[in-house]
Amino acid sequence: MHIADLLARRPVPAAGVFLTLTRRCPLSCAHCSTNSMRDSEEHSAEIFSEFAATFSPEDHPEAVWLTGGEPLLRPDLVEQITRASHTAGAKVVLITGLYFARRDGNVAPRLLRAMLAVDHVIVSQDIFHEREVPRAAAFATVRTLVAAGQDVSFQVVGRDADDPYLAEITAQIRQDFRDGVPALVAPLGAAGRATAWLPRRQPARPHRDEQPVPAPCTMAAWPVLTFDGTVVACCRQRVVDGPAPDHLRLGRAPRQSWPEVARAVRERPILRALRVIGPQSLAHAGGVLPAAAGYCGTCETLSDSTGPTEAATELVGRPTFPVMESQVRQMQLAAGPEAFARRYGISRYAHMLTLGHHAPVEVG
Amino acid sequence: MSFDALAELRSAGNPVDQLSQAQQQVLSSLSPEEVATLNAVKARMDAAGSDVAGHALEDDVIGIGIF
């Protein structure tokens with residue numbers, strides 16, 4: 001399945017779910033947003049397998065995204081979750097740093113089997129990964145996957161649009177894979193190990209008397225089953241690492257089943273309000289000043305007082321709210337996956353997302 | 001002059017004429033504040049669709065990938 005088709009569903013509540021199978025990773029990338037190390041935390045496989053076992057043909061995410069750390073440190077778990085997902089009717093996406101390809105790009109049969117079992121493999125590619133896994137080795141692995149018929153994409157990060165690394169690597173991806181392998185190109189962010197050396201961008205903050213412009217949050221749509229089984233409604237690293245603010249905390253797997261988590265994502269008033277007007281407008285409606293920490297920073301404060309939750313309940317309870325919600329979602333779906341790449345990635349390279357995409361992106 | 005929600009939405013570039021009569025009827029009941037919200041979202045998405053770096057509209061959304 002093509003990455004553009006997968007990301008086309010990003011605005012749809014509970015269309016996707018992330019499972020962070022382990023924080024462990026054998027690589028030592030300087031920018032690692034999860035601060036993963038060889039001996040990082042890893043919890044019981046049952047947390048994840050039992051949660052996946054609650055998917056059913058009647059109620060399942062459209063796509064299950066397996067990530068970490070390095071999820072291929074648990075290839076048996078990857079296959080087990082993939083079987084459960086496929087049985088229910090869900091697609092599976094795997095995000096990997098290709099630690100095993102470091103020497104020569106060869107892939108052990110057990111890992112290849114896991115990578116071919118899923119529906120899409122995303123390979124991390126950036127200047128930091130290249131110090132750990134040489135580009136030639138990473139590309140050799142991608143060629144192996146493509147030759148076996150697997151859909152693959154790169155997740156490339158760079159400093160900004162003018163980073164010469166991005167121009168060079170995207171040109172080589174296009175040339176070596178003949179425009180057949182897409183890439184999502186995104187800016188480096190100050191999370192995990194990168195906080196030690198990457199300055200945090202100063203977010204825009206509305207003036208205290210200024211009404212914030214509504215800005216829907218696309219991220220409050222797909223839940224994340226975090227490393228220790230906590231389920232949260234946002235994939236931002238600070239939320240995943242916890243403790244998550246109450247309004248973004250959905251429960252704990254496997255005690256909470258997929259249907260319960262999906263229902264909370266779709267129906268919790270504050271999440272519905274975030275998806276329509278965003279955190280700063282919601283804070284304003286609740287009588288709270290938007291935080292200095294900006295858009296996401298404001299979201300993190302929404303549970304500190306009752307105002308925003310009450311404002312969300314009032315907003316969502318209006319008879320006209322469902323049509324507002326529907327209109328915003330239709331706008332996002334109509335904008336398509338390249339809009340996602342422009343908003344959260346680096347705009348200049350948004351076209352890389354649809355390389356090799358031949359079928360029309362479904363927007364319904 | 002009474003507020004015409006559909007006209008306001010249409011003038012902001014929202015494709016309201018492609019909607020069914022029933023949907024248009026619901027949209028026509030939106031308040032000025034609600035229409036302003038939808039138009040602001042539309043304007044924001046149009047801005048992010050240009051060559052302006054859309055990411056600058058928010059602060060860092062960095063986590064388990066940016067997905």
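In what follows, chains carry the letters A, B, and so on, assigned in the order in which the sequence lines appear, proteins first and then strands, with residues in each chain numbered from 1. All values derive from a computational prediction rather than experimental measurement.
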Gap between atom [atom2] of [Y] and atom [atom1] of [X] - 0.5 Å precision:
X: A/Leu315; Y: B/Glu34; atom1: CG; atom2: CD; value: 7.5 Å
X: B/Leu19; Y: A/Gln327; atom1: CG; atom2: CD; value: 5.5 Å
X: A/Arg318; Y: B/Ser29; atom1: CZ; atom2: OG; value: 12.0 Å

_According to salt bridge (Lys or Arg N to Asp or Glu O under 4.0 Å), does anything in residues 9-26 of chain B pair up with another residue at least two apart or in another chain? List the pairs._
B/Arg10-B/Asp17
*asked:* Minimum heavy-atom separation for A/Pro214 and B/Arg44, please, with both atom names.
replied: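 In this case the closest contact between A/Pro214 and B/Arg44 is O-CD, 3.8 Å.
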*Which heavy atom of A/Val276 sits nearest a heavy atom of B/Val41, and at what distance?*
O-CG2, 4.0 Å
*Pick one of side chain, backbone, both or neither for B/Leu9, based on which atoms fall under 4.5 Å of a heavy atom in chain A.*
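Contact with chain A is absent: no heavy atom of B/Leu9 under 4.5 Å.
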*asked:* A side-chain contact here means heavy atoms from C-beta on lying under 4.5 Å apart; do A/Thr320 and B/Val26 qualify?
replied: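 Side-chain contact under 4.5 Å: no.
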*Might you confirm whether atom CD of A/Glu41 has over 12 heavy atoms from other residues, nucleotides or ligands at distances under 6.0 Å?*
yes
*With a 4.5 angstrom heavy-atom cut-off, which part of A/Glu338 approaches chain B: side chain, backbone, both or neither?*
neither
*A/Met331/B/Leu38 under side-chain contact (heavy atoms from CB on, under 4.5 Å): CA gap, chis, key distance, verdict*: CA-CA 10 Å; A/Met331 278 190 247; B/Leu38 288 180; 4.1 Å; yes
*List the steps and the verdict of side-chain contact (heavy atoms from CB on, under 4.5 Å) for B/Leu30 and A/Met324.*
CA-CA 9 Å; B/Leu30 295 182; A/Met324 300 266 296; 4.1 Å; yes
